[in-house]
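As structure tokens, the structure follows; a few thoughts come after it.
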2 protein chains.
Amino acid sequence: MLEPLDPDMFTGCPPPAAPIRIGGKWTPMIMRCLEAGPRRFTELQIPLRGVTPKVLTESLRAMERDGLLARTTYDEIPPRVEYELTDLGHSLLTFMDAGCAWSREHLPEVLRARDAWHSAAT
Amino acid sequence: MLEPLDPDMFTGCPPPAAPIRIGGKWTPMIMRCLEAGPRRFTELQIPLRGVTPKVLTESLRAMERDGLLARTTYDEIPPRVEYELTDLGHSLLTFMDAGCAWSREHLPEVLRARDAWHSAAT
DNA sequence: CGGAATCCGATAAGATACTG
DNA sequence: CAGTATCTTATCGGATTCCG
């Protein structure tokens, strides 16, 4: 069985301060959540604190449309739906890792530049 | 002297169909324009077909604020202003190359997935 | 449980016209 | 030449409520 997702897994990385974006606001976090295996809708809502069902659905549908993940429904009661990264999704996740590496290395410099800019705007 | 920019350098890559974004809509193209050296405002407007001065200014200011490029003004008549990538900007450009590589390799698959999705939505 | 429907505010981008 | 100013539009993300 898969480990449950850490509710705080994204508390350290708020909506991208970095000038790099992959898909919408929640796409990168969703990909990270699916890294280890398939997850359910409500399971994703936990670490994605505050995401509304509407927005989560939109994000998941867009990713499904682009072939980044697969949606599987099980006809049970209560209903169960699982989302899983495709090979394409995994390849994008690998690229995303490079983006995370860039951010770890250079984001402080970006933030310093912004600070300097604001102070210059006295 | 620097070669002039090819007016058609972006005709093959319209606003990112790929689920990867760096900065705003024009940021990646601006970075590519500055790859070989400093460029002037009107020089940038050529390959960035249709960008309005307002939007181009906003994009350049945002990039300057983030430390991605440097703006240099020369007090001449007529006025001259040059934009040039910083080291930070060049590092981001390197990362962008990885994104271009991903797109070249996987974008067809994304587009196929979208087609399949649309046909499924009959 | 896994959504759908509706409404709303913020932001991004563009059109147009004018200026030091 | 290198912008600024003003206005309008489109898209995104969110709040709220309800349903099979």
**Item:** CA sep, side-chain torsions, deciding dist, call: B/Phe10, B/Arg32, side chain to side chain contact (heavy atoms under 4.5 Å, CB included)
**Value:** CA-CA 10 Å; B/Phe10 297 120; B/Arg32 195 60 78 191; 3.9 Å; yes
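Taking a 4.0 Å limit (strictly below) on heavy-atom distances, residues 53-76 of chain A reaches DNA chain D at A/Lys54, A/Val55. Remark: A/Arg40, A/Phe41, A/Thr42 in residues 39-52 of chain A come within less than 4.0 Å of DNA chain C through at least one heavy atom.
Remark: A/Asp97 CG is packed, more than 12 non-hydrogen atoms of other residues, nucleotides or ligands lying under 6.0 Å away. More than 12 heavy atoms of other residues, nucleotides or ligands sit less than 6.0 Å from atom CG of B/Asp6.
Judged as a side chain to side chain contact (heavy atoms under 4.5 Å, CB included), and not counting sequence neighbours, the contacts of A/Glu84 are A/Pro38. Judged as a salt bridge (Lys or Arg N to Asp or Glu O under 4.0 Å), and not counting sequence neighbours, B/Arg65 has no contacts. Under the rule for a side chain to side chain contact (heavy atoms under 4.5 Å, CB included), the partners of A/Arg61 that lie at least two apart in sequence or sit in another chain are A/Thr57, A/Glu64, A/Arg71, A/Tyr83, B/Trp117. For A/Glu105, there are no salt bridge (Lys or Arg N to Asp or Glu O under 4.0 Å) partners two or more places apart in sequence or in a different chain. Applying the side chain to side chain contact (heavy atoms under 4.5 Å, CB included) criterion to B/Thr94, with sequence neighbours excluded, gives no partner residue. Shown here are the salt bridge (Lys or Arg N to Asp or Glu O under 4.0 Å) partners of B/Glu76, two or more places apart in sequence or in another chain: B/Arg80.
In this structure, the side chains of A/Arg114 and B/Asp66 come closer than 4.5 Å at one or more pairs of heavy atoms. By the 4.5 Å heavy-atom criterion applied to side chains, A/Glu58 and A/Trp26 are not counted as neighbours. Contact check for A/Met96 versus A/Leu93: side-chain heavy atoms found under the 4.5 Å cut-off.
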Scan the side chains in residues 44-54 of chain B for donor-acceptor partners under 3.5 Å anywhere in the protein, sequence neighbours excluded, and list what turns up.
from, atom 1, to, atom 2, distance (Å)
B/Arg49, NE, B/Pro7, O, 3.0
B/Arg49, NH2, B/Pro7, O, 3.4
B/Arg49, NH2, B/Asp8, OD1, 2.6
B/Thr52, OG1, B/Val55, N, 3.4

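For the atom pair CE (B/Met63) and CG (B/Leu34), the distance works out to 6.5 Å, reported to the nearest 0.5 Å. The distance from the CZ atom of A/Arg39 to the SG atom of A/Cys33 is 7.5 Å, given to the nearest 0.5 Å.
If you walk DNA chain C from 5' to 3' and mark each nucleotide with an atom closer than 4.0 Å to a heavy atom of chain B, the marks span C/dA13 to C/dG20. Running 5' to 3' along DNA chain D, contacts with non-hydrogen atoms of chain A at under 4.0 Å begin and end at D/dG13 to D/dG20.
One end of the helix from C/dC1-D/dG20 to C/dG20-D/dC1 points its axis 50° away from the other end's axis, with each axis taken from 5 pairs and the angle rounded to 10°.
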